[in-house]
Each structure stands twice: as C-alpha cells, then as structure tokens.
Asker: 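Before I ask anything, here is the structure I am working with.
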Amino acid sequence: MAFDVDLFVIGGGSGGVRAARMAAATGAKVALAEESRMGGTCVIRGCVPKKLMVFASSFREMPGEARAYGWDIPDGSFDWGAFRGKLHAELDRLEGVYRRLLEGSGVVVHSQRARLVAAHEVELADGQRISARHILIATGGRPERPDLPNAHLGLVSDDIFLLERLPTSILIVGGGFIACEMACILNGLGVQVTQFYRGAQILRGFDDEARGLVAEAMRAQGIDLHLGTNIVAMAEAEAMAGAARGGEAGHAAALLPKGGAKGAPVWVKATNGYLGVEIGRRGEIKVDAYSQTGVPSVFAIGDVTDRVNLTPVAIREGMAFTRTVFEGQPTPVDHDLIPMAVFTQPELGTVGLTEEAARERGPIEVYATSFKPMRSSFAGEPARVLMKLIVCAETRRVLGCHIVAPEAGEMIQLAAIAVKMGATKEDFDRTVAVHPTMAEELVTMRAPVRRA
Ligand code: NDP
C-alpha cells in the first residue's frame with residue numbers, strides 16, 4: 001500500500017523534532033504537525049525560559065557577595081519588563097532555529113493540530129487527511145489544575161513566563177521540580193514566596209539528606225516553606241489573601257502544581273472508539289521498550305508516555321525509535337541511571353539510587369560530606385553543600401551520587417559518566433582531586449559515614 005508519508009510526527013517538541021529529523025536523514029518522507037510554537041515545553045515554556053530565569057535571579061545575591069570580596073557596589077533592582085522582552089526575543093530566535101532545522105532536513109511542517117484517526121491515518125485541523133506508514137505521537141505533557149474549588153484562579157507554570165508584572169507575593173503549592181525551582185527563582189527576583197507542600201519533605205523521591213539540605217537552604221533564603229500543608233480551595237480578593245499567607249489582594253498569585261501525564265486520550269480517540277492504543281490511568285499512552293503502542297504502526301515518545309519526563313530522555317526515545325524503525329537496528333530505550341538536576345538554589349544533581357532505595361536492595365556504605373564551600377565561607381555566608389556517594393558493600397560499585405551545590409547540574413553530568421560505566425568507590429579514589437574545588441570531595445572521602 002502506498003502512503004502519503006513514511007512517518008507522520010504529531011508534536012514539535014524536543015522528542016518529535018529529533019525523531020523527524022533523524023528519520024528524514026535516512027531518506028524517509030516525513031511530515032510533522034505542531035499546533036502551537038515549535039520547540040514544545042522545553043524551549044517555549046519549560047527548561048529554556050526557566051534556566052534563563054534561574055540566571056536572572058542568581059544576580060540578587062551577587063552584590064552582597066562582591067562586597068564581601070572587597071568590591072564597592074550597591075544593591076541593584078530587577079526590571080521584569082526588560083528581562084521579559086529579551087527572554088521572549090530569545091525564545092522566538094530558538095523557535096526559528098528549530099523550524100529551520102526541520103525544514104532544512106526536508107520535513108514538511110503543518111502548523112496545526114493533528115489527530116490520529118486510524119492506524120495509518122491522521123487528520124489535520126483543516127480536515128486534510130494524510131496516510132502514513134508510521135505515526136509517532138510526541139505531544140508532550142500539559143499542566144493540569146488540581147480538582148479544588150476555583151482552581152482556575154491560580155497560575156500554572158506556563159503562565160509564569162507570560163506575566164505582565166511580577167506579583168509582590170506568591171503562594172506556591174507543591175514540592176516537586178517546578179514548585180521548588182519556581183520558589184527559588186521568584187524569591188531571587190524579589191517576590192515574597194510562601195510554599196505549601198502536602199508531604200513531609202519537598203522533592204519526594206530524591207535522597208532524603210539532599211532534599212533536606214535544599215529545603216534548609218530555601219528557608220535560609222527567605223522562602224516561607226510549610227510542610228504537611230495544602231490548600232483546599234481558592235477564592236478571589238481578601239479570601240485569597242487569607243489562603244496565600246502574606247499575600248496582598250490584587251497582587252498575590254498562586255502557582256498550582258502541575259499534574260501528571262495529562263489527557264492524552266484526546267489524541268487517539270477515534271469516532272468509532274479507541275484504535276487499540278492503550279491509555280494508562282494518568283492519561284499516558286502505554287508503550288513497550290521500543291516506544292511501540294498496541295497498534296504496530298503507532299509509536300509514542302516523551303512525556304505523553306509518562307516514563308521519565310525529561311527533555312533529554314524524550315530525545316533519546318526519539319533516536320531509539322528512529323534507529324528501530326528507519327535504520328533497521330532494534331534499539332530499546334535505556335532508562336537506567338539517568339542523571340538529573342533540580343535548578344533550585346543551590347542546585348541538586350543526582351544519578352542512581354538514593355540512600356533509602358539502595359538500603360532496600362542490600363548492604364551499602366554511605367560516603368557523605370557537607371561543608372561550607374570556600375567561596376561562601378570567605379563571604380561569611382551560611383550556605384553549605386553536600387557531596388554524597390552510595391556504594392554497594394559487596395561489589396564496591398557506586399550506586400548513587402547526590403550533590404547539592406551551586407552548579408551541581410554541571411557536576412553530576414560528569415559524575416554520571418563514571419556511575420554509568422560501573423565505577424567502583426576505588427575508581428573514584430584512584431582519581432586525583434582537582435584542587436581547590438567543591439567536587440574534589442567526591443574523590444577524597446576515605447571512611448563511610450554509615451553502613452546499612
Ligand atoms: P513533580 O511530580 O515533580 O511535582 C508535582 C508536585 O505537585 C508534587 O510535589 C506533588 O505532591 C504535588 N501535587 C500534585 N497534585 C497535587 C494536589 N492535588 N494538591 C497538592 N499538591 C499536589 O512534577 P512537576 O509538575 O514539578 O514537574 C513535571 C515533570 O517535569 C517532572 O516530574 C520532571 O520530570 C519535569 N521537570 C524537570 C525539571 C528538571 O529536569 N530540572 C524541571 C521541571 C520539570 P506529591 O509529592 O505529594 O505527589
């Protein structure tokens with residue numbers, strides 16, 4: 001049977017764009033539909049604008065630190081309007097880069113919504129139907145408001161980048177990646193931040209010692225963090241000020257947690273019922289290790305599959321899909337030992353097992369040190385960092401590495417290579433320290449702080 005295209009990709013985010021370009025490079029005829037801006041969550045309303053806001057907010061501490069080092073400089077003030085203009089100009093530039101890369105590799109772009117209507121067919125918003133040998137769903141995730149009265153009054157993370165003015169105060173609900181990163185960013189930009197998290201400690205799933213140190217640092221910076229606390233409803237004006245402690249009516253805003261995978265069924269619901277693509281409890285599309293759904297011609301990658309919701313993972317899944325389907329090399333996606341960073345201040349970088357998870361699996365040794373780094377110690381600041389290794393007592397392999405420090409994201413990327421290669425504690429010890437650095441502690445910790 002002749003198809004209009006070899007591959008139709010639904011979604012122009014990091015995963016979809018990479019898969020489309022790689023497939024086109026093999027000579028395949030490829031089309032891609034994106035109803036919103038090219039680049040998806042990462043480029044338009046996620047990693048990229050977030051990281052630029054991290055940079056912007058980090059300057060707040062610098063005048064004070066510089067004065068401690070002998071500079072005679074005053075505190076400055078932050079101009080959100082000036083930053084926001086530059087931010088959106090940069091996002092426009094990056095969106096253009098993505099679009100040019102796609103078009104340059106021969107992918108036909110449809111700037112409209114597409115939906116799957118049959119195993120080999122998609123329908124565009126304008127009614128056009130396109131047949132495809134393979135269809136890749138890479139529609140990503142989207143924020144989901146919690147089910148509580150007047151939840152529409154709150155902001156979700158996407159809204160932050162579009163604010164005309166920064167609020168004077170904000171209540172952030174949740175304790176995950178976005179909640180903690182945004183708490184630190186907005187606090188750094190001068191917003192009075194209150195954070196409610198329903199659990200016992202923020203950043204559930206990360207190493208307990210590491211997340212405890214991040215919480216301590218966030219409080220020390222002035223974030224009013226309340227654990228075991230949640231909201232049950234939202235209301236406008238005065239009542240809202242009550243809910244958002246310290247908020248001022250008209251100025252306070254509440255940032256709501258983003259939910260999980262987010263309503264994927266709309267993409268795969270055909271008029272005559274489901275096509276055989278299995279949808280999970282959280283709305284995610286179920287796939288196998290090759291990102292293939294129950295319908296052999298339909299694949300799905302990235303956040304819509306709710307496996308590990310990170311940009312580089314979606315890209316890997318897209319590359320594995322292309323190798324499998326277009327290059328004849330069946331390639332399962334490797335989700336083991338994925339390093340990640342939470343861009344709080346200080347950052348949390350992590351790879352492998354937490355101490356808590358490792359304990360469950362067998363005997364371990366824990367090597368950890370928490371100290372005031374040279375830079376902040378000299379400036380008289382209280383900030384501490386953490387370097388921690390979890391080691392298997394039997395094989396001596398480093399099972400996990402957890403770093404809380406400025407630039408921990410940069411450090412964990414490199415440590416992750418060793419951990420992924422199966423390095424032992426002795427391999428770390430054989431490596432000569434780079435002195436004076438914070439990360440040198442990773443290769444100089446001699447005795448375990450505990451065995452478990
Ligand atoms: P997370 O799962 O990290 O956090 C969600 C938070 O919201 C949790 O603290 C959760 O609490 C809380 N929550 C969920 N529902 C409710 C509710 N009804 N009432 C109160 N609290 C609630 O997801 P995020 O939305 O922060 O981020 C989405 C994904 O995006 C992340 O999982 C990550 O994969 C990715 N991401 C990665 C970043 C990075 O790499 N630096 C940055 C930002 C996002 P509880 O813990 O109790 O469930």
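Atom set for the values below is all heavy atoms of this structure, side chains included, hydrogens, waters and symmetry mates excluded. Read the numbers this way: they start at 1 and go in the same order the structure lists the ligands and their atoms.
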Asker: I want to confirm something. Looking only at heavy atoms, which of R307, E181, E144, K51 is nearest to atom 42 (C) of ligand 1?
Answerer: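 Of the listed residues, E181 has the closest heavy atom.
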Asker: Are H134 and F326 close enough that their ring centres sit under 6.0 Å apart?
Answerer: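 Ring centroids of H134 and F326 are less than 6.0 Å from each other.
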Asker: Using the salt bridge (charged side-chain N to carboxylate O under 4.0 Å, His left out) rule, take R450 and E365 through it: C-alpha gap first, then chi angles, then the decisive distance, then the call.
Answerer: CA-CA 6 Å; R450 53 191 168 268; E365 288 181 354; over 6 Å; no
Asker: For ligand 1, is there an N or O atom under 3.5 Å from any N or O atom of F177?
Answerer: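 Between F177 and ligand 1 (N or O atoms, distance only) the closest approach is under 3.5 Å.
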Asker: Between V109 and M38, is a side-chain contact (heavy atoms from CB on, under 4.5 Å) present by the stated rule, with each step listed?
Answerer: CA-CA 10 Å; V109 176; M38 197 63 74; 3.5 Å; yes
Asker: For ligand 1, is there an atom lying under 4.0 Å from some heavy atom of G199?
Answerer: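 G199: no contact with ligand 1 (<4.0 Å).
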Asker: Could you tell me if H335 and E317 have a donor-acceptor pair between their side chains, going purely by distance under 3.5 Å?
Answerer: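 A pair is found: one side chain offers a donor N or O, the other an acceptor, under 3.5 Å apart.
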Asker: Does either side chain, that of S57 or that of Q345, offer a donor lying less than 3.5 Å from an acceptor on the other one?
Answerer: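 The criterion, which ignores hydrogens and geometry beyond distance, is satisfied for Q345 and S57.
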Asker: For ligand 1, does S157 get within less than 4.0 Å through its side chain, its backbone, both, or neither, judged by non-hydrogen atoms?
Answerer: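 The answer is neither.
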Asker: For F343, does the six-membered ring have the charged nitrogen or CZ of K50 within the cation-pi criterion, i.e. under 6.0 angstrom from the centroid and within 45° of the normal?
Answerer: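 No - K50 does not lie over the ring of F343 by the 6.0 Å and 45° rule.
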Asker: Looking only at side-chain N and O atoms, does R21 offer a donor or acceptor that is under 3.5 Å from a partner on S105?
Answerer: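 Result is no, nothing qualifies.
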Asker: Is it the side chain, the backbone, both or neither of N230 that has a heavy atom closer than 4.0 Å to ligand 1?
Answerer: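 The answer is the side chain of N230.
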Asker: Could you tell me, atom by atom, which parts of ligand 1 come under 4.0 Å of a heavy atom of P146?
Answerer: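 Listed by number with element: 18 (N).
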Asker: Do any nitrogen or oxygen atoms of G175 come within less than 3.5 Å of a nitrogen or oxygen of ligand 1?
Answerer: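 In this structure, G175 places an N or O atom under 3.5 Å from an N or O of ligand 1.
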Asker: Quick one: list whatever passes side chain to side chain contact (heavy atoms under 4.5 Å, CB included) with D336, sequence neighbours left out.
Answerer: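 Checked D336 against side chain to side chain contact (heavy atoms under 4.5 Å, CB included); matches are D334, K420.
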Asker: Of the side chain and backbone of R198, name the one, both, or neither that has a heavy atom under 4.0 Å from an atom of ligand 1.
Answerer: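 Side chain only; the backbone of R198 stays clear of ligand 1.
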Asker: Out of all atoms in ligand 1, which are within 4.0 Å of some heavy atom of A341? Include the element for each.
Answerer: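 Those qualifying, in numeric order: 39 (C), 40 (O), 41 (N).
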Asker: ring-ring contact (aromatic ring centres under 6.0 Å, His included): which pairs involve residues 169-195, sequence neighbours left out?
Answerer: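 Listed once each, the pairs are F177-F206.
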Asker: List every atom of ligand 1 that sits less than 4.0 Å from any heavy atom of K50, numbering the atoms from 1 in the order shown and giving each element.
Answerer: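 Counting from 1, the qualifying ligand atoms are 41 (N), 42 (C).
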Asker: If you measure every N/O of V342 against every N/O of ligand 1, is any gap under 3.5 Å?
Answerer: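 Among all N and O atoms of V342, none is under 3.5 Å from an N or O of ligand 1.
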Asker: Need the ligand 1 atom indices (1-based, order shown) with element for anything under 4.0 Å from a heavy-atom of I178.
Answerer: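 This gives 24 (P), 25 (O), 26 (O), 27 (O), 43 (C), 44 (C) as the contact atoms.
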Asker: Using a 4.0 Å cut-off to any heavy atom of L310, which atoms of ligand 1 qualify?
Answerer: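 Counting atoms of ligand 1 from 1, those under 4.0 Å from L310 are 34 (O), 37 (C), 40 (O).
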